Amino acid sequence: MTRIGPQGYAAAYAYSGATNAQTGTAAQQQAKAAEAARMGASSVSVTLSAQAQAALANKTDGRDLGAVVSDARKSLDALLSAAKATSALKDGKATIDVSGLDRRSLYAIASNQGGSFPIEEQVVASLQLQSGQNAVLAGPAADARVTGDYAGLYKAALSRHEGAGTEEKATLKWQNEKAALVEGLRQSTAKPGTAPTGIADDPVAAYVKQNGGVVSNPRSRDIDDVAADVRVALDRQYGLATGEGMATGPDAGKIDFARFDDRSLSAMALNKGGQFSDHEVKEAADEIRSRNREGVSSYWKAAQQSGDGSAFGRTLVSQYVSMSSEEREAVGWTPALYDKMVSLQNLSAKLSSMFGPDGSIKTGMSLLDYL
């Protein structure tokens, strides 16, 4: 009798059962497909980006505004309770982390929907919305600086922008910014490698300007290290300067600050490390104060266009909170000024709540009750 080894058994089994195995496999696949169809499942697993998930969540969010406001209020109360805090801000710093709230809730808080959120909560929510946008743009912006791919940067910004909720999309600000991003994408596609220019309300241009392009990670590093990098960048710029009247040394001429962020300018204006000439200090101080004036003016114009009387004060407080201590010192924004801004904003909110939609004073309350 012939003995068949283990491999022979395996080969014989595979040969004799091949047809049955193939048939069985096909039958099993058909059964699985039928079951998937019956259950409404998909045989393909798709992983969405964080931005796409957020956009889908907002699109499928069936809550009305009242429910959104109520849920946001409950979430904030829980966060404040856990932090043993009575306010979302203390001395210009956040006491709670609102990064876990969805975008629609954050917008409801930031825009004080229903009058349910004090200025401190509005500011914290506004800064979180900005932080979310910054996180999305950071990678594409870094690529754009190296490769000149501004189209990719604008695509990322548009994707983030479209993830807004119903209430946010209804605002003139959102619509203006979308038009700006569409134009930015058009320009960057038509002229690859060139940053779009001359676009009003462009959030990408604002991001690039705020985060600079000369000094590495200026907002997260020690100010003396930033100052040292600024010194190197300035000296390199002087060596390349050819334009009429442009500075070719530290003691005279016009310095090009276009690619310097505000914290780097502050390091110069405050002469951190004693590394800058009197001329450089003065030029930097003039530039950062000029930017501050332009910023305040643009906040005011935006508030007037939006029709939201509280938007201007809220934006100013948000700006203060987002500044580094060096930036505040360089432009003269003190803790006393911050306290006054918060106080005036809260007073404005109280006065606004006196009136109904038709402008009439609500019954049962007097001005003293509100103050």
Side-chain angles (χ1 to χ4, degrees), residues 46-56 58-59 103 129-164 168-169 171-221 226 229-230 232-247 254-265 287 291 294-295 298 302:
V46 179
T47 302
L48 299 177
S49 67
Q51 296 86 357
Q53 291 179 33
L56 181 61
N58 281 326
K59 188 174 182 180
R103 181 168 173 178
L129 286 170
Q130 185 64 49
S131 177
Q133 175 174 287
N134 291 350
V136 169
L137 297 184
D143 291 341
R145 291 189 182 102
V146 176
T147 66
D149 180 21
Y150 289 95
L153 177 56
Y154 277 89
K155 287 177 183 177
L158 269 171
S159 177
R160 160 75 182 175
H161 201 66
E162 289 292 349
E168 189 176 352
K169 285 185 175 180
T171 64
L172 182 61
K173 181 178 184 292
W174 186 91
Q175 294 163 16
N176 287 344
E177 288 185 348
K178 179 173 181 180
L181 291 173
V182 170
E183 173 61 16
L185 180 58
R186 186 196 69 76
Q187 287 190 26
S188 58
T189 302
K191 294 183 178 180
T194 303
T197 58
I199 306 174
D201 304 309
D202 183 353
V204 168
Y207 170 85
V208 172
K209 183 175 181 179
Q210 181 182 6
N211 288 271
V214 172
V215 178
S216 175
N217 301 318
R219 304 200 68 81
S220 59
R221 294 165 58 223
V226 172
D229 282 0
V230 170
V232 172
L234 280 174
D235 291 340
R236 183 184 299 120
Q237 183 171 294
Y238 295 153
L240 298 173
T242 57
E244 184 178 353
M246 298 302 295
K254 181 176 176 56
I255 303 173
D256 181 6
F257 290 119
R259 295 182 62 221
F260 285 83
D261 66 283
D262 288 352
R263 191 159 187 253
S264 298
L265 283 174
E287 173 68 16
R291 288 188 186 183
E294 290 175 3
S298 67

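What you are looking at is a predicted structure, and each value in this text was computed from that prediction instead of being measured. Note: hydrogens, waters and symmetry copies are ignored here, and every other heavy atom, side chains too, is used.
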> Under 3.5 Å, is there a donor-acceptor pair linking the side chains of Asp143 and Tyr150?
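No - no donor-acceptor pair under 3.5 Å links their side chains.
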> May I ask you to test the Pro203-Leu181 pair for a side-chain heavy-atom distance under 4.5 Å?
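In short, these two side chains touch, coming nearer than 4.5 Å.
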> Are any non-hydrogen side-chain atoms of Leu265 and Arg291 less than 4.5 angstrom apart?
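SC-SC contact between Leu265 and Arg291 confirmed.
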> Report, as yes or no, whether the 6.0 Å neighbourhood of atom NZ on Lys178 holds more than 12 heavy atoms from other residues, nucleotides or ligands.
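It does not: Lys178 NZ has 12 such atoms or fewer within range.
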> Check whether any side-chain N or O of Gln237 sits under 3.5 Å from a backbone N or O of Asp256 as a donor-acceptor pair, and report yes or no.
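It does hold such a pair.
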> Is it true that Ser131 and Asn134 share a donor-acceptor pair across their side chains at a distance under 3.5 Å?
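Note: Asn134 and Ser131 side chains miss the donor-acceptor criterion.
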> Any heavy-atom pair between the side chains of Val208 and Leu153 that's under 4.5 Å?
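Heavy-atom side-chain distance check passes, below 4.5 Å.
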> If you look at every heavy atom in Val215 and Pro218, which pair is closest and at what distance?
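Closest approach of Val215 to Pro218: O-CD, 3.3 Å.
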> Spell out, as yes or no, whether a donor-acceptor pair under 3.5 Å connects the side chain of Ser264 to the backbone of Phe260.
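Such a contact is absent between Ser264 side chain and Phe260 backbone.
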> Could you tell me which residues satisfy side chain to side chain donor-acceptor pair (under 3.5 Å) with Asp229, sequence neighbours excluded, listed by chain and number?
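Asp229 satisfies side chain to side chain donor-acceptor pair (under 3.5 Å) with Arg221 once adjacent residues are dropped.
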> Using only atom types and a distance under 3.5 Å, with no angle test, would you say the side chain of Ser159 pairs donor to acceptor with the backbone of Ala156?
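No; judged by distance alone, with no hydrogens or angles, the pair does not exist.
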> For Arg186, enumerate each residue passing the side chain to side chain donor-acceptor pair (under 3.5 Å) test, keeping only those at least two apart in sequence or located in another chain.
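With sequence neighbours excluded, Arg186 shows a side chain to side chain donor-acceptor pair (under 3.5 Å) to Glu183, given in chain and number order.
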> Nearest 0.5 Å, please: how far is NZ in Lys173 from OG1 in Thr171?
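If I round to the nearest 0.5 Å, the distance is 7.0 Å.
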> Minimum heavy-atom separation for Arg160 to Leu129, with atom names?
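The answer is NH2-O, 3.0 Å.
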> Identify, with sequence neighbours excluded, every residue that meets side chain to side chain contact (heavy atoms under 4.5 Å, CB included) alongside Glu168.
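Testing Glu168 for side chain to side chain contact (heavy atoms under 4.5 Å, CB included), a comparison that skips the adjacent residues, returns Arg103, Tyr107, Ala164, Trp174.
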> Please report the closest heavy-atom contact between Met246 and Ala241, naming both atoms and the distance.
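In this case the closest contact between Met246 and Ala241 is CB-CB, 4.3 Å.
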> Sequence neighbours left out, what passes side chain to side chain contact (heavy atoms under 4.5 Å, CB included) with Gln175? Give chain and number order.
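If we apply the side chain to side chain contact (heavy atoms under 4.5 Å, CB included) test to Gln175, skipping adjacent residues, the hits are Leu172.
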> Could you check whether any side-chain N or O of Gln187 sits under 3.5 Å from a backbone N or O of Thr197, counting only pairs where one atom can act as donor and the other as acceptor?
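Side chain of Gln187 to backbone of Thr197, a donor-acceptor pair under 3.5 Å: yes, one is there.
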> Using a 4.5 Å cut-off on heavy atoms from C-beta on, say whether the side chain of Asp202 contacts that of Tyr154.
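Yes. Closest side-chain heavy atoms under 4.5 Å.
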> With sequence neighbours excluded, what pairs up with Lys155 under the side chain to side chain donor-acceptor pair (under 3.5 Å) test?
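Lys155 satisfies side chain to side chain donor-acceptor pair (under 3.5 Å) with no residue once adjacent residues are dropped.
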> Scan residues 183-206 for pairs that pass ring pair (Phe, Tyr, Trp, His ring centres under 6.0 Å), counting only residues two or more places apart or in two chains.
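Counting only pairs at least two positions apart or across chains, no ring pair (Phe, Tyr, Trp, His ring centres under 6.0 Å) contact touches residues 183-206.
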